[in-house]
Amino acid sequence: MNRRSSKDIEFIILRDGTGFVQCVVDKSEAGEDIYQKSRKLSQESAVEFKGKVVKDERQIGGVEVHVTDLNLIHKSENYPITNKPHGIDFLLDHRHLWLRHRRPWAIMQIRNTIIYAIHNFFQKEGFVQADAPIFTPNAVEGTTTLFETDFYDRKAYLTQSGQLYGEAMAMAFSKIYTFGPTFRAEKSKTRRHLSEFWMIEPEMAFYDNEMNMDLIERFIKSVVREVLEKNQFELSLLERDTTILENTIKKPFPRITYDDAVKIIRGEKDVNGKTTIGLLEELKINTEKRIETLKNEIAEREKLLADNKMKESKRNFIQNKVDSMKHELKELQEKLKNIPLWIDSAKNFEYGEDFGGADETALTSLFDVPIMVYNWPKKVKAFYMKEVPGRPDLVKGVDVLAPEGYGEIVGGSEREDNLDILIERIKEHNLPMEVFQWYLDLRRFGSVPHSGFGLGLERFVAWITNTKHIRETIPFPRYYGRLEP
RNA sequence: UCCCCAGUAGCUCAGUUGGUUAGAGCACCGGACUGUUAAUCCGGGUGUCGCAGGUUCAAGUCCUGCCUGGGGAGCCA
């Protein structure tokens with residue numbers, strides 16, 4: 001709970017886990033005793049109210065409670081998280097308490113809807129949920145760093161992907177999906193990485209990459225539709241502009257080959273008359289303009305501050321305003337410095353490379369729905385992806401890039417189903433052949449075309465809720481430098 | 001592992017070319033106000049300036065090293 005007061009009246013925001021309601025303790029209604037008790041309530045005290053529910057359009061949920069009785073269950077003292085701004089690190093140190101607050105509450109409600117909608121979609125489509133093991137004897141793709149553990153005196157690693165096991169299960173049950181934790185020991189310090197995150201990995205027998213992309217698109221639309229139906233209130237708490245989410249369920253996702261994507265990134269090809277370079281140059285001009293106005297506003301206020309007859313409280317107020325404007329100015333100047341680098345990186349993008357974060361942002365900013373980029377250079381993708389017929393340099397992989405700078409939320413492919421080619425690919429990647437023997441069995445005994453993809457739950461939640469840092473999308477995040485609480 | 005930035009009160013931050021006794025807002029306590037939404041107004045005090053060393057008459061401020069955090073690259077969902 002949280003409290004505000006005026007003379008003879010107290011406003012208390014009460015939370016019960018399902019939502020929030022304002023409770024009003026009016027001295028004339030509740031009586032002197034109850035009113036005095038309510039004045040002693042502190043932030044996050046546990047309390048029980050009796051009272052009348054009254055319609056009030058001004059309030060969240062449209063109602064408030066006029067309190068007639070009050071029972072203090074537990075008085076909270078010196079609650080650390082105040083109603084004022086805190087830094088992300090302080091909040092994460094108090095994550096066990098921070099979860100009680102509105103923003104985390106709204107994000108977790110949406111996360112819950114997403115999890116439910118994912119199961120709902122696959123169950124209705126006839127998929128079997130079948131989870132992959134978490135302890136694994138080897139690195140699946142050989143590139144990422146894994147967490148090493150002791151498994152009865154043997155080295156074991158925490159899984160970085162359940163995909164190979166998913167393929168085995170798809171050969172057994174036709175269409176399956178895994179839904180479990182995944183671990184990466186990379187010392188990544190960016191807003192889109194976690195050491196421990198949840199991944200959904202469907203795998204379908206007799207699916208080529210076209211069918212795979214059809215499924216991905218229907219899947220994303222279905223989950224987003226469910227969030228829009230169930231979580232309007234939470235989205236409004238988060239001040240999420242839902243235009244792009246609504247587009248996502250209505251419009252088809254553009255499907256772009258890697259070859260075309262490269263041309264678009266370089267600014268050689270336009271999308272509805274706009275190019276990446278043009279957009280970035282526009283952004284540069286707008287940022288410059290904003291910096292100019294900020295500078296002028298700061299100068300104006302500093303002139304005001306030079307008048308030392310000014311009342312102290314007023315002076316402090318203006319000083320604070322100036323400080324926060326200087327803060328914004330610093331951020332914008334930082335951004336302005338980076339824009340030419342982004343333009344440079346886009347213009348000189350080298351064919352055959354994977355997209356960097358800035359390239360992805362440049363590309364996706366031209367669209368108002370998620371896009372699918374397919375047919376990737378073989379050398380930047382995993383060994384198990386199937387070659388594109390007639391293009392031995394390309395594989396049938398697909399990445400879904402979310403709009404608004406969220407980057408890759410889905411990665412998938414058609415899998416190589418030919419034993420000999422797969423063995424060649426394992427050799428090319430210098431992977432230990434012996435640990436893949438069971439996987440190669442899948443190509444020895446009734447190998448069929450099959451495809452699948454992986455969706456990172458937290459990145460998906462981050463995009464839907466428009467959360468800047470992925471670590472706010474999981475109750476207790478684990479990443480380089482954070483193991484507590 | 002590499003590059004950039006930061007570390008000042010419980011929290012968020014200011015602190016100018018090195019110069020007297022280091023500041024503000026919030027939180028907290030008291031008071032004022034019948035309707036607040038981060039309420040507002042008045043009063044009340046709080047510091048190992050991340051750590052270690054150096055330069056200097058003088059260091060929060062400059063230099064070196066280390067630690068911690070943030071952003072990014074790599075890697076990826």
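Residue numbering restarts at 1 for every chain, and letters A, B, ... go by the order of the sequence lines.
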Please work out if A:E458 contacts a base, only the sugar-phosphate, or nothing of the nucleic acid, heavy-atom cut-off 4.0 Å.
-> nothing

So, the side chain of A:N375 versus the backbone of A:L394: is there a donor-acceptor pair under 3.5 Å, distance only?
-> no

Over how many whole Å does the gap from A:F197 atom CZ to B:rC76 atom C1' extend?
-> 8 Å

Show the distances under 3.5 angstrom between N or O atoms of the protein and N or O atoms of nucleotides 68-71 of chain B.
residue	atom	partner	partner atom	Å
B:rG71	OP1	A:H469	ND1	2.9
B:rG71	OP1	A:R471	NH2	2.8

Atom-pair distance (CZ on A:R184; C1' on B:rC76), nearest Å | 6 Å

If you measure from the P atom in B:rC75 to the same atom in B:rG7, how many Å do you get, rounded?
-> 32 Å

Please say whether the positively charged group of A:R184, taken as NZ for Lys or CZ for Arg, lies over the ring of A:F197, i.e. under 6.0 angstrom from the six-membered ring centre and within 45 degrees of the axis.
-> no

With no hydrogens and no angle check, do the side chains of A:R415 and A:S413 hold a donor and an acceptor under 3.5 Å apart?
-> yes

Across every strand shown, the nucleotide meeting Watson-Crick or G-U wobble geometry with B:rA22 (both distances under 3.5 Å) is none

B:rA9 to B:rA24 separation - C1' atoms, rounded to the nearest Å | 11 Å

Separation of A:Q160 atom CD from B:rC75 atom C1', in whole Å?
-> 11 Å

Among A:E167, A:Q163, A:E414, A:H429, which one satisfies side chain to side chain donor-acceptor pair (under 3.5 Å) with A:Y384?
-> A:Q163

P atoms of B:rU61 and B:rA22, separation to the nearest Å | 15 Å

Does A:R471 pair with A:E458 as a salt bridge, N-O distance under 4.0 Å?
-> no

Watson-Crick or G-U wobble partner of B:rC62, both distances under 3.5 Å | B:rG54

Compare the ring of A:F11 with the six-membered ring in the base of B:rG35 and state whether they stack (centres under 5.5 Å, planes under 30°).
-> no

Mate of B:rU17 where both pairing distances stay under 3.5 Å, Watson-Crick or G-U | none

Atom-pair distance (CZ on A:F179; P on B:rA77), nearest Å = 16 Å

Pairwise P distance, B:rC5 and B:rU48 [rounded to whole Å] | 28 Å

Atom NE2 of A:H66 to atom P of B:rU34: distance rounded to whole Å?
-> 18 Å

Is it true that A:E416 and A:R425 make a salt bridge, defined as a side-chain N closer than 4.0 Å to a carboxylate O?
-> no

Measure from NE2 on A:H94 to P on B:rU12 and round the result to the nearest Å.
-> 10 Å

Hey, does the side chain of A:D16 reach the backbone of A:G19 with a donor-acceptor pair shorter than 3.5 angstrom?
-> yes

Starting at CD1 of A:I81 and ending at C1' of B:rU12, how long is that distance when rounded to a whole Å?
-> 14 Å

For B:rC75, which nucleotide in any strand shown is its Watson-Crick or wobble partner with both distances under 3.5 Å?
-> none

Between the protein and nucleotides 5-10 of chain B, which nitrogen or oxygen pairs are less than 3.5 angstrom apart?
none

Which of A:F122, A:F179, A:Y207, A:F219 passes ring pair (Phe, Tyr, Trp, His ring centres under 6.0 Å) with A:F127? It is A:F122

Quote, to the nearest angstrom, the C1' distance that separates B:rU8 from B:rC51.
-> 15 Å

B:rC29 and B:rG23: how far apart are their P atoms, nearest whole angstrom?
-> 26 Å

Is it true that the side chains of A:Y406 and A:N466 contain a donor and an acceptor less than 3.5 Å apart?
-> yes

Selection residues 345-359 of chain A - residue pairs positive for salt bridge (charged side-chain N to carboxylate O under 4.0 Å, His left out), sequence neighbours left out | A:E353-A:K379

Starting from the 5' end of RNA chain B, give me the residue, A:G357 or A:K187, whose nearest nucleotide shows up first.
-> A:K187

May I ask you to verify whether the side chain of A:E64 and the base of B:rG35 hold a donor-acceptor pair under 3.5 Å?
-> yes

Would you mind classifying the nucleic acid contact of A:L194 as base, sugar-phosphate or nothing, using non-hydrogen atoms under 4.0 angstrom?
-> base

In whole angstrom, give the distance that lies between atom CG of A:D354 and atom P of B:rC75.
-> 7 Å

Any chance the side chains of A:H119 and A:Y177 put a donor and an acceptor closer than 3.5 Å?
-> yes

Once you apply the 3.5 Å cut-off to both distances, tell me the Watson-Crick or G-U wobble partner of B:rG7, or none.
-> B:rC67

Can you tell me, in whole Å, how much space there is between the C1' of B:rG15 and that of B:rU20?
-> 15 Å

Donor-acceptor pair under 3.5 Å: do we get one between A:E10's side chain and the base of B:rU36?
-> no

Taking atom C1' in both B:rA27 and B:rG44, compute the distance separating them and give it to the nearest angstrom.
-> 14 Å

